[in-house]
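Below is one structure, written out as structure tokens, with a few remarks after it.
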Amino acid sequence: MSADTERDTLRKKLPEWVETSRKLSASGKVAQYIPELAGAPAGALGITILGPGPGDLLQAGDVGCRFTMQSISKVFTLLLALMDRGEDGVFAKVGMEPTGDDFNSMLKLELVEPGIPFNPMINAGAITVTSLIEGEDPLTKFDRILAFFRKLSGDPELTYNPRVYKSEALTAHRNRSLAYFLKDNAVLGPDEDVEDILDVYFKHCSIEVDCGHLARLGLVLALDGKDPVDGTQLIPTRYVQIVKTFMFSCGMYNASGEFAIRVGIPAKSGVAGGILAVVPDRYGIGVIGPALNRYGNSTAGVHLLETLSGALDWSLF
Ligand code: GLN
């Protein structure tokens with residue numbers, strides 16, 4: 001399909017597709033385990049699709065909805081850690097394999113040798129990756145992460161939501177136990193303070209965005225790390241290749257295989273209901289739909305991406 005036909009189809013059909021997929025939110029549930037997320041509008045669904053050309057901005061549904069990135073931030077903290085430590089530095093501490101377990105599972109950490117997290121997209125892996133980001137103290141680390149997000153999103157005002165951050169910090173018993181386990185396994189080094197690392201992790205999960213931000217971040221990945229406005233190489237291509245591969249194999253947690261079959265593009269979900277998806281060389285996509293399925297992925301959001309990919313032949317294979 002030519003780019004023009006595709007744009008026309010999207011312009012005509014997107015609002016209708018959103019309304020059809022919105023119905024799927026009734027079969028999902030808003031995340032409760034971070035109390036501050038529980039009040040999100042369960043029936044909301046919005047999407048922004050952004051390409052590099054003029055007129056390549058298509059939106060429908062509740063695109064004004066603001067939400068926290070949650071696990072979507074894992075993609076970008078991994079990029080920063082790769083830029084700080086290189087591949088060898090990162091993959092000495094975290095693996096490259098899907099788990100088949102829930103995103104906050106401890107199971108494999110004890111079951112398999114060496115006891116490093118299976119991949120950087122699950123919580124144990126992302127907490128480890130957070131520890132690898134350069135910065136002499138937690139504030140400096142988080143400032144560097146936020147500056148990176150601001151640069152990639154083109155929004156200098158981007159910041160974290162203090163209520164969501166606090167709410168998670170007060171209730172993150174599972175993440176705390178994962179992090180202390182990692183410390184005991186020496187995945188987190190002797191100089192690493194577990195609470196400091198968790199603090200940076202909770203803050204980057206709480207960075208607040210809308211669908212437009214996610215689409216713009218996704219577009220940088222779609223363009224292999226280039227700034228969509230001036231073409232500057234913001235991230236080394238190799239590292240973008242690595243994170244897109246992780247998104248494809250592990251980005252939708254233990255539903256990543258099904259998503260790869262049904263949708264077929266790199267994507268990353270978060271428990272606030274966001275999904276960042278990438279159509280290589282063409283689009284960055286941001287979706288919000290707070291009602292989640294049992295894997296922690298937006299029910300309506302996944303359905304909408306499946307509809308789009310089917311109609312526009314986006315699957316990579
Ligand atoms: N901050 C969340 C947590 O650690 C992120 C998880 C997610 O989005 N799946 O539990």
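For clarity, every value in this text was computed on a predicted model and none was experimentally measured. Atoms within a ligand are numbered from 1 in the order they appear, just like the ligands themselves.
At a heavy-atom cutoff of 4.0 Å, ligand 1 is contacted by the side chain of C205 but not by its backbone. At a heavy-atom cutoff of 4.0 Å, ligand 1 is contacted by the side chain of Y201 but not by its backbone. Only side-chain heavy atoms of N175 come within less than 4.0 Å of ligand 1; its backbone N, CA, C and O stay farther off. Only the side chain of E168 comes within contact range of ligand 1, with a heavy atom under 4.0 Å; no backbone atom does.
Nearest heavy-atom pair, A60 versus V18, reported as atom, atom and distance to 0.1 Å: CB-CG2, 3.8 Å.
Under the 4.0 angstrom criterion for non-hydrogen atoms, Y253 is in contact with ligand 1.
Looking only at protein heavy atoms, the nearest one to atom 2 (C) of ligand 1 is Q70 OE1, 3.2 Å. Of the protein's heavy atoms, S71 OG, 3.3 Å lies nearest to atom 5 (C) of ligand 1. The single protein non-hydrogen atom nearest to atom 10 (O) of ligand 1 is Y33 OH, 2.5 Å, given as residue, atom name and distance.
Between K74 and ligand 1, no N or O atom pair is found at a separation short of 3.5 Å. Polar contact check, N123 against ligand 1: a nitrogen or oxygen pair lies under 3.5 Å apart. Taking only nitrogen or oxygen atoms, main chain and side chain alike, V271 reaches within less than 3.5 Å of ligand 1.
Interface of G270 with ligand 1, defined as ligand atoms under 4.0 Å from a residue heavy atom, comprises 8 (O).
Between F202 and Y165, the gap from one ring centroid to the other reaches at least 6.0 Å.
A 4.5 Å side-chain heavy-atom check between Y201 and V129 finds every atom pair outside the cut-off.
The aromatic rings of F246 and F91 lie tilted to each other, with the angle between the two planes from 30° to 60°. Using the six-membered ring where Trp is involved, Y253 and F103 have ring planes that are tilted, between 30° and 60° apart.
Under 3.5 Å, the side chains of S131 and T128 contain no donor-acceptor pair of N or O atoms. In summary, the side chains of N123 and N104 do not present any donor paired with an acceptor at a separation below 3.5 Å, with no hydrogens or angles considered.
Cluster membership for V279 and L152, using ILVMFWY side-chain heavy atoms within less than 4.5 angstrom, is not shared.
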